[in-house]
Student: 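Structure in structure tokens, see below.
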Amino acid sequence: MPIKKNNPLPDTTASGSYDFFRDVYDVVRLIPKGRVTSYGAIAAYLGTKGSARMVGWALNHCHNMQPEVPAQRVVNRMGMLSGKAHFETPTQMQELLEQEGLTIKNDCIVDFQKHFWDPSQEL
DNA sequence: CCTGTGACTGGAT
DNA sequence: GATCCAGCCACAG
């Protein structure tokens with residue numbers, strides 16, 4: 001179930017209809033430090049299972065978002081940093097994760113399963 | 001309105 | 001196993 005709480009994002013973006021985005025950002029912000037989740041898990045939690053791409057697409061717009069979204073904690077189901085290219089520098093995503101106590105090897109989170117955080121199970 | 005494009009995923013090949 | 005393939009759906013042009 002979507003979070004649907006009153007979370008007034010600065011919005012702007014003219015187009016309106018930012019419900020999906022807002023929900024994605026809300027869930028991502030709830031990911032505990034040092035834990036990670038997958039696009040699919042978030043999509044499933046929001047009730048749009050199978051639309052993991054939308055989650056990734058939403059995160060692609062999180063750069064100008066306030067408050068900031070810890071997008072580094074969202075990776076694909078294999079635990080790979082598939083979105084690192086979309087950060088300010090290609091190494092920032094890995095560095096951020098390492099700062100949170102995770103180990104990255106070959107763009108892959110070591111013991112991904114161990115640090116996995118499933119919103120539909122934890123929330 | 002129609003088309004192309006994804007920070008993805010699960011099942012088929 | 002590794003790869004391919006087809007859904008997925010919001011958005012920009």
Side-chain angles (χ1 to χ4, degrees):
Chain A
M1 299 273 89
I3 296 182
K4 292 300 179 190
K5 57 187 173 188
N6 302 334
N7 192 340
L9 283 178
D11 144 58
T12 58
T13 65
S15 311
S17 125
Y18 252 44
D19 285 348
F20 182 77
F21 283 38
R22 191 186 58 229
D23 287 340
V24 171
Y25 300 145
D26 279 343
V27 175
V28 174
R29 291 198 196 94
L30 290 175
I31 302 174
K33 180 182 178 182
R35 307 291 296 284
V36 290
T37 191
S38 72
Y39 304 94
I42 295 175
Y45 175 75
L46 293 180
T48 58
K49 186 177 182 180
S51 300
R53 309 183 83 137
M54 297 304 95
V55 177
W57 191 85
L59 287 181
N60 197 26
H61 284 236
C62 76
H63 286 285
N64 309 315
M65 220 35 84
Q66 296 296 327
E68 293 184 11
V69 181
Q72 73 275 13
R73 296 176 189 155
V74 186
V75 297
N76 72 5
R77 67 169 168 154
M78 307 301 283
M80 302 161 94
L81 314 191
S82 47
K84 66 170 194 166
H86 295 269
F87 282 74
E88 295 185 34
T89 71
T91 57
Q92 184 172 40
M93 187 174 188
Q94 172 171 344
E95 290 168 0
L96 286 170
L97 287 172
E98 289 176 335
Q99 283 173 26
E100 299 184 355
L102 295 178
T103 307
I104 313 301
K105 187 176 183 180
N106 263 343
D107 294 341
C108 242
I109 297 177
V110 178
D111 289 327
F112 170 62
Q113 290 284 348
K114 198 170 168 184
H115 300 283
F116 185 73
W117 181 85
D118 185 359
S120 61
Q121 197 168 306
E122 307 277 350
L123 295 183

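First the proteins, then the strands, lettered A, B, ... as listed; each starts at 1.
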Student: Using a cut-off of 4.0 Å on non-hydrogen atoms, how would the nucleic acid contact of A/Ser38 be classed: base, sugar-phosphate, or nothing?
Tutor: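 It contacts sugar-phosphate atoms only.
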Student: Could A/Glu100 and A/Arg35 be called an ion pair, given the rule that one side-chain N must be under 4.0 Å from one carboxylate O?
Tutor: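 No salt bridge links A/Glu100 with A/Arg35.
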Student: Nearest whole Å is fine: how far is C/dA10 P from A/Tyr25 OH?
Tutor: 14 Å
Student: Have a look at A/Ala58 and say if it touches a base, only the backbone sugar-phosphate, or nothing, with a 4.0 Å heavy-atom cut-off.
Tutor: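 Touches nothing.
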Student: Go through C/dC9, B/dC8, B/dA7 for me and flag the one nearest to the A/Ser51 side chain.
Tutor: C/dC9
Student: Going through the distances and angles, do A/Gln92 and A/Gln72 end up as a side-chain hydrogen bond (donor to acceptor under 3.5 Å, both in side chains)?
Tutor: CA-CA 9 Å; A/Gln92 184 172 40; A/Gln72 73 275 13; over 6 Å; no
Student: Is A/Asn76 touching bases, backbone alone, or none of the nucleic acid, heavy atoms closer than 4.0 Å?
Tutor: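 Answer is sugar-phosphate: A/Asn76 comes under 4.0 Å of backbone atoms only.
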Student: When you look at A/Trp57 and A/Phe20, which way does the ring-ring contact (aromatic ring centres under 6.0 Å, His included) test go after all the steps?
Tutor: CA-CA 11 Å; A/Trp57 191 85; A/Phe20 182 77; 8.9 Å; no
Student: Return the value, rounded to whole Å, for the distance between atom CZ of A/Arg73 and atom P of B/dA7.
Tutor: 22 Å
Student: May I have the distance from A/Arg77 (atom CZ) to B/dC8 (atom C1'), rounded to whole angstrom?
Tutor: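 Whole-Å distance recorded here is 9 Å.
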Student: Measure the distance from CG on A/Leu46 to P on C/dC8 and round it to the nearest whole Å.
Tutor: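 Interatomic distance, CG of A/Leu46 to P of C/dC8: 17 Å.
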Student: What's the CG-C1' distance between A/Leu97 and B/dA7, to the nearest Å?
Tutor: 13 Å
Student: Tell me the interatomic distance from A/Leu59, atom CG, to B/dT5, atom C1', rounded to whole angstroms.
Tutor: 17 Å
Student: Quick one: does A/Thr37's side chain have a donor or acceptor within less than 3.5 Å of a partner on A/Val74's backbone?
Tutor: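 The answer is no, because no donor-acceptor pair under 3.5 Å joins these two groups.
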Student: Give a yes/no answer on whether the side chain of A/Ser82 brings an N or O atom under 4.0 Å of OP1 or OP2 in B/dC8.
Tutor: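 Yes, A/Ser82 has a side-chain N/O under 4.0 Å of OP1/OP2 on B/dC8.
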Student: Using whole Å, what does the distance between atom C1' of nucleotide B/dG6 and atom CZ of A/Phe21 come to?
Tutor: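 That distance rounds to 12 Å.
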Student: Checking contacts here: which listed nucleotide (C/dC9, C/dC11, B/dA7) is nearest the side-chain heavy atoms of A/Met54?
Tutor: C/dC9
Student: CZ of A/Arg53 versus P of C/dC5: gap in Å, rounded?
Tutor: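 Distance, rounded to whole Å: 14 Å.
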Student: Quick one: does any side-chain atom of A/Arg29 pair with a main-chain N or O of A/Pro67 as donor and acceptor, under 3.5 Å?
Tutor: yes
